[in-house]
Amino acid sequence: MDYFIKNIVSLLNEGTNLQENDIEKLIEIPPDFKMGDYAFPCYALSKTLKKSPNAIATELSKTLHAISPISEIRAVGPYVNFFVDKAIFSETVLKNIYEEKDRYGHGNIGIGKTIVIDYSSPNIAKHLAVHHLRSALIGSAIYNIYKTLGYKCVGINHLGDWGTQFGQLIVAYKKWGTEDTHKSCTVTDLNNLYVKFHQEAEKNPRMEDEAREWFKKLEAGDFGAKELWQHFKDISLKEFQKIYDMLGIHFDAFIGESFYNTMIEDTVARINGKGLTRISEQALIVDLEHYDMPPCLLRKRDETTLYATRDIAAAEYRKKTYNFGKMIYVVGSEQKLHFKQVFKVLELMGYDWANRCVHVDFGLMKFKDGKMSTRKGKVVLLEDLLIEAVERIRKIIEEKNPSLENKEAVANDVGIGAVIFADLCTKRNKDVVFDWDEALNFDGETGPYIQYTHARLCSILRKYGKPVTTDINHELLKEDETFILVKNLSQFPMIIQKAAEFYEPSLICNYLIDVCSNLNRFYNTHRVLSEDDDLTKARILLIDSTRQVIKNGLNILGMHAPEQM
RNA sequence: GCGCCCGUAGCUCAGCAGGAUAGAGCAACGGUUUCCUAAACCGUAGGUCAGACGUUCAAAUCGUCUCGGGCGCACCA
């Protein structure tokens, strides 16, 4: 428990007959800092004491005596408000940040625990497009958040490298692939073949049968089919990796769906063995009617397996391989039902870890006039978006800071950062309408705003040129703009924990915006570097602490924090 | 039809394990640079928190219903 809250709780414990735990739960933070730093609402007491909350607050505030680190206790309406000793508070917070440095915000609740995170997971032979962004970024941020808390994280890219579409692709490739495509085939070529297949298949349905045959050959291990499939995969992975590098996204394993082919028979046998299956309309299903869900299909009429089957096999494999404490799937909310079914089947199979599988869903990304679709070629390629973002930032740098060193690197950090921040900033839950101008807006509450604030702080520290010290007079950090910032910085570890608990990176984005606007307000009202040595030293410590918090926060989101821009 | 998600300022969103006066950014208008990066800051204007009922001392927040939008509901992933 927080040192200051602890003191308040023990004060209240003496003044009331409430248990410490109950008091702690009631403590809140007033909406306005002028009211106090912490507040104790008296509504709950008014029932037992049969007095108005206001009267209780007044009486309590008179009985309680402020002792260090609490400086004042005051009744405000139905609340007893507590003011902390600002100097002690700031000393506690700033020293802590100074000592922890890059580790400020880190925790140990995850030590010894493993968490598997499945994110990005694109389909082979298609481009990464903007609608793939969310899974990759949210997953990557959650990975960093949990790592910060001491968890061992395993990031898995569950590539869509199996399924009937590969039969389609083989057919198309054999039919329309030119000499040229065979030699220097790109994802664009593959995607065109895929689109062409669907156009032609509408006129000539026999092609679908051909595709199914090829997929069956592939499943049977046909050499020619397998070679082509591997070729498609290599091409795609190479291109994916380029984009992951641009975004700075890391995976510990690329394990596609095909990997589970050899295990799937055993998985189905195990489900059978538990007596969970039955045949329905010639397909093998797990009936989930008791649980108000449609059945989970394990095997199609033509004997081939499905997505759900492979997901169940994959879950078993991951449990065996990583022995995770928790497994997270960062996949769009349109697959909610699918995961509910898969988790239910795992539970029915008797796995006690089934309830430690979590589907972290997120809202759809679409255009103003409807859904994005690779099949119709209606997408914005991720690469194009990133290149455009960097390009626009490059122009802004030319305009505002032409003498900047490392322009290229900075343009990259800021351009890509803007895209990352924009995507992570809204709660996962909400659908996103893609709009170029919005995705590439750099004013106001954006990535560049955070990074710019950070760069300015670095600039002050550079100008100061001396080592930062915690040996300062903390009495000098008492102005409103200053102390609000100190309090804000103290919340960082708690924000990370909350972000982990709710799988919600946006909490960190919003927190950083808060820190930056508090910093900018401070920056605009107070001069850091001045003739007054003591004051300068004190403010420098605050500047350095803020810089550290912003940097740590940005890194968790997967963004760089350039020192100049 | 059934299920899940969303609805807060003109636009994009915070706030939602009930609590003190509903907050930001963009856009609009007005101001701040002999001074640490103006990619910043300050001010003005802008609200029936979709609507109704209910629970509660207290509801944007919890419950029920209605409306509007999205998604999903057997052989795609």
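Below, chains carry the letters A, B, ... as their sequence lines are ordered, and counting in each starts from 1.
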Position toward the 5' end of RNA chain B (nearest nucleotide), A:D431 or A:S517: A:S517
Rounding to a whole Å, what distance do you find between A:L364:CG and B:rG72:P? 7 Å
Under 30°, 30 to 60°, or over 60°: which ring-plane class applies to A:W229 and A:F166, parallel, tilted or perpendicular? perpendicular
It should be established whether A:Y452 places a side-chain nitrogen or oxygen under 4.0 Å from OP1 or OP2 of nucleotide B:rA39. yes
If you measure from the Lys or Arg side-chain nitrogens to the Asp or Glu carboxylate oxygens, is any gap between A:E303 and A:K216 under 4.0 Å? no
Convert the base pairs of RNA chain B into dot-bracket notation, remembering that pairs crossing earlier ones are written with [ ] and that bases paired across to another strand are shown as |; include only Watson-Crick or G-U pairs under 3.5 Å. (((((((..((((.....[...)))).(((((.......))))).....(((((..]....))))))))))))....
Counting any heavy atom closer than 4.0 Å, what does A:P30 reach on the DNA or RNA strands: base, sugar-phosphate only, or nothing? base
Counting the atoms with a prime plus P, OP1 and OP2 as sugar-phosphate, which does A:E257 contact under 4.0 Å by heavy atoms, base, sugar-phosphate, or nothing? sugar-phosphate
Would you mind calling B:rA17 syn or anti? Take O4'-C1'-N9-C4 for purines or O4'-C1'-N1-C2 for pyrimidines, and syn is within 90° of 0. syn
For A:M293, report the nucleic acid contact type (base, sugar-phosphate, nothing); a contact means any heavy atom under 4.0 Å. nothing
So what does A:T426 touch, heavy atoms closer than 4.0 Å: a base, only the sugar-phosphate, or nothing? sugar-phosphate
Sugar-phosphate, base or nothing in reach of A:N81, heavy atoms under 4.0 Å: base
Does the side chain of A:Q564 reach to within under 4.5 Å of the side chain of A:S459, using non-hydrogen atoms? no
Could I get the full list of ring pair (Phe, Tyr, Trp, His ring centres under 6.0 Å) partners for A:F83, not counting sequence neighbours? none
On RNA chain B, more 5' by nearest nucleotide between A:F502 and A:Y38 is A:F502
Would you indicate what A:I285 reaches in the nucleic acid, counting non-hydrogen atoms under 4.0 angstrom: base, sugar-phosphate, or nothing? base
Compute whether any side-chain donor of one residue and acceptor of the other, for A:S120 and A:S135, lie under 3.5 angstrom apart. no
What nucleic acid atoms does A:L337 come within less than 4.0 Å of, heavy atoms only: base, sugar-phosphate, or nothing? sugar-phosphate
Select base, sugar-phosphate, or nothing to describe what A:L306 touches, counting heavy atoms under 4.0 Å on all strands. sugar-phosphate
Could you check whether A:Y464 gets within reach of a base, just the sugar-phosphate, or nothing at all, counting any heavy atom under 4.0 Å? nothing
So what does A:S52 touch, heavy atoms closer than 4.0 Å: a base, only the sugar-phosphate, or nothing? nothing
Side-chain polar contacts of residues 425-432 of chain A - donor-acceptor pairs under 3.5 angstrom, sequence neighbours left out - could you list them?
| unit_1 | atom_1 | unit_2 | atom_2 | d |
| --- | --- | --- | --- | --- |
| A:R428 | NE | A:D361 | O | 2.8 |
| A:R428 | NH1 | A:F502 | O | 2.9 |
| A:R428 | NH1 | A:Y503 | O | 2.8 |
| A:R428 | NH2 | A:D361 | OD1 | 3.4 |
| A:D431 | OD1 | A:L364 | N | 2.9 |

Sidechain N-carboxylate O distance under 4.0 Å for A:E265, A:R299: yes
Using a 4.0 Å heavy-atom cut-off across all strands, classify A:Q335 as base, sugar-phosphate, or nothing. base
So A:N123, base contact, sugar-phosphate only, or nothing? Heavy-atom distance under 4.0 Å. sugar-phosphate
Examine B:rG72: is either OP1 or OP2 under 4.0 Å from a nitrogen or oxygen in the side chain of A:K336? Give yes or no. no
Taking only N and O in the side chain of A:R456, is any of them less than 4.0 Å away from OP1 or OP2 of B:rA40? no
At less than 3.5 Å, do the side-chain atoms of A:S280 and the base atoms of B:rA74 form a donor-acceptor pair? yes
Can you say whether the rings of A:F259 and A:Y317 are parallel (under 30°), tilted (30 to 60°) or perpendicular (over 60°)? perpendicular
Atom CZ of A:F339 and atom P of B:rC5: how far apart are they, to the nearest Å? 17 Å
Rounded distance (Å) that lies between atom C1' of B:rC41 and atom CD of A:E481: 12 Å
Heavy atoms under 4.0 Å, any strand shown: does A:R462 hit a base, just sugar-phosphate, or nothing? nothing
OP1 or OP2 of B:rG72 under 4.0 Å from side-chain N/O of A:K340: no
Base, sugar-phosphate or nothing for A:I397? Non-hydrogen atoms, less than 4.0 Å. base
Is a donor from one side chain sitting under 3.5 angstrom from an acceptor on the other, for A:S530 and A:D532? no
